[in-house]
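Here the structure comes first, spelled out in structure tokens, and everything after it is commentary.
Here is the naming used below: chain letters follow the sequence lines, and residue numbers restart at 1 for every chain. Side chains are part of it too, since the values below use all heavy atoms of this structure and drop only hydrogens, waters and symmetry mates.
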Amino acid sequence: MHTPSEIIYEFSDSRSDPRAPRSVEPTREDLEWLFAALFDAYGPRHWWPTVHGGSFELVVGAILVQNISWSNVERALVNMRDAGVWSFREILDAPDEEMHEIIRPSGYYKAKTRKLKEFAEFILGEHDGDLARLFALPIGEMREQLLSVWGIGEETADDIILYGAKKPSFVIDMYTRRLLARLGWEIRGKSYAAYQELFHKLLPHDPYLFNEYHALIDYHVARICRKKPLCDQCVLAEDCPVGLGVTQP
DNA sequence: TACCAGGTGACTG
DNA sequence: CAGTCACATGGT
């Protein structure tokens, strides 16, 4: 499943000059260089993280992790399993007050209770409660259906498509945006679609590549390219304008 | 202590 | 389209 980049992809090791004027859109070589550098440094990430495993947990976890740390989500997932709420039918049947207590550690527990129930209604009503039926749809149709569910935005939809259905829809999050900005790469437009189109335009649509690429970005940014970046520990520092002191974080 | 964390929807200019 | 705010817990 996870193979070193140099075996599957003949990625370039050249890229635009990190000292060049800013506001430069990344090239194919830039994106290939970034992936190779992160993969060589960290190796495969084996995402998505799981507590018990399975597609049900993947979807629930993707919703619960919205703007919260995964460690908080783990508690909520354990609570759900312990409480015997471990299917979309059981989510729908559980009283709101009970769901609130069960998922409280994941934060925003009232909003997320509604989100879980909205998704449960969707999958039970439209796909007979079977995630495999949703995952069998073409990417465009699957994404459209997911986005129609209240509480499922673009990142959560792509998490489900990429890590659940294992189809190539590149995941963009705040970490992706921060890293690209720090590297001095400017994207036309600030929308999610603008960022995603960049990766889709320049990289092969391989679910394993997209899986590892996003996972590597998040691993690296969470640990090194934080709000206060740890450039002295960063494997990209010599090729990054922030690491070189050319620009401010 | 105050800030931060793998977003989304509602609302505004 | 782009900016702002509410939503809420647990770790550092």
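Formation of a donor-acceptor pair under 3.5 Å by the A:Asp128 side chain with backbone atoms of A:Asp130 is not found in this model. Remark: side-chain polar atoms of A:Arg178 are paired, donor with acceptor, to backbone N or O of A:Cys225 under 3.5 angstrom. Between the side chain of A:Lys115 and the backbone N or O of A:Ile63 there is no donor-acceptor pair closer than 3.5 Å.
The aromatic rings of A:Phe88 and A:Phe119 are tilted relative to each other, their planes meeting at an angle between 30° and 60°. The aromatic rings of A:His200 and A:His205 are tilted relative to each other, their planes meeting at an angle between 30° and 60°. Ring geometry, A:Tyr213 versus A:Phe170: the interplanar angle exceeds 60°, so the pair is classed perpendicular (tilted spans 30 to 60°). Between A:Trp70 and A:Trp48, the ring-plane angle classifies as perpendicular under the 30° and 60° cut-offs.
Atom OH in A:Tyr163 sits about 10 Å away from atom C1' in B:dG6, given to the nearest Å. Across the protein-nucleic acid pair, A:Leu147 atom CG and B:dG7 atom C1' stand 13 Å apart, rounded to whole Å. Look at CD1 on A:Ile103: it is 14 Å from C1' on B:dG7, rounded to the nearest Å. Going from atom CG of A:Leu216 over to atom P of B:dG6 covers 15 Å, rounded to whole Å. Following rounding to the nearest Å, A:Tyr195 (OH) and B:dG6 (P) show an atom-to-atom distance of 18 Å. At whole-Å resolution of the value, NZ in A:Lys112 and C1' in B:dG7 are 8 Å apart. Rounded to whole Å, the distance from CZ on A:Arg45 to P on B:dG6 is 15 Å.
Between the side chains of A:Thr176 and A:Asp173, at least one donor-acceptor pair of N or O atoms lies under 3.5 Å. Side-chain contact annotation: A:Gln66 with A:Thr156, donor-acceptor N/O pair under 3.5 Å present.
Rounded to the nearest Å, the gap between the P atom of B:dC3 and that of C:dC5 is 15 Å. Remark: the separation of the C1' atoms in C:dA8 and B:dA2 is 16 Å, to the nearest Å. Nucleotides C:dG10 and B:dT8 place their P atoms 22 Å apart, quoted to the nearest Å. Taking atom P on both C:dT4 and B:dG6, the two are 22 Å apart, rounded to the nearest angstrom.
Between A:Pro168 and the choices A:Ile161, A:Leu203, A:Ile139, the side-chain contact (heavy atoms from CB on, under 4.5 Å) rule is met once, by A:Ile139.
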Each nucleotide N or O in nucleotides 3-5 of chain B that has a protein N or O under 3.5 Å away: list the pair and distance.
{"unit_1": "B:dA5", "atom_1": "OP1", "unit_2": "A:Arg178", "atom_2": "NH2", "d": "3.1"}

Between protein and nucleotides 11-13 of chain B, what N or O pairs are separated by less than 3.5 Å?
none

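Read 5' to 3', the first and last nucleotides of DNA chain C with an atom closer than 4.0 Å to a heavy atom of chain A are C:dG3 to C:dG11.
Across all strands, A:Lys110 comes closer than 4.0 Å only to sugar-phosphate atoms, never to a base (heavy-atom distances). Among the heavy atoms of the strands lying under 4.0 Å from A:Ile152 are primed sugar atoms or P, OP1, OP2 only; no base atom is included.
For the pair A:Tyr109 and A:Ser191, both in contact range of DNA chain C, the more 5′-proximal nearest nucleotide belongs to A:Ser191. Annotation: of the two residues near DNA chain B, A:Asp159 and A:Trp150, the 5′-most nearest-nucleotide partner is A:Asp159.
The CG atom of A:Leu124 sits 5.0 Å away from the CZ atom of A:Arg89 when rounded to the nearest 0.5 Å.
The environment of CD in A:Glu144 is sparse: at most 12 heavy-atom neighbours from other residues, nucleotides or ligands sit within 6.0 Å.
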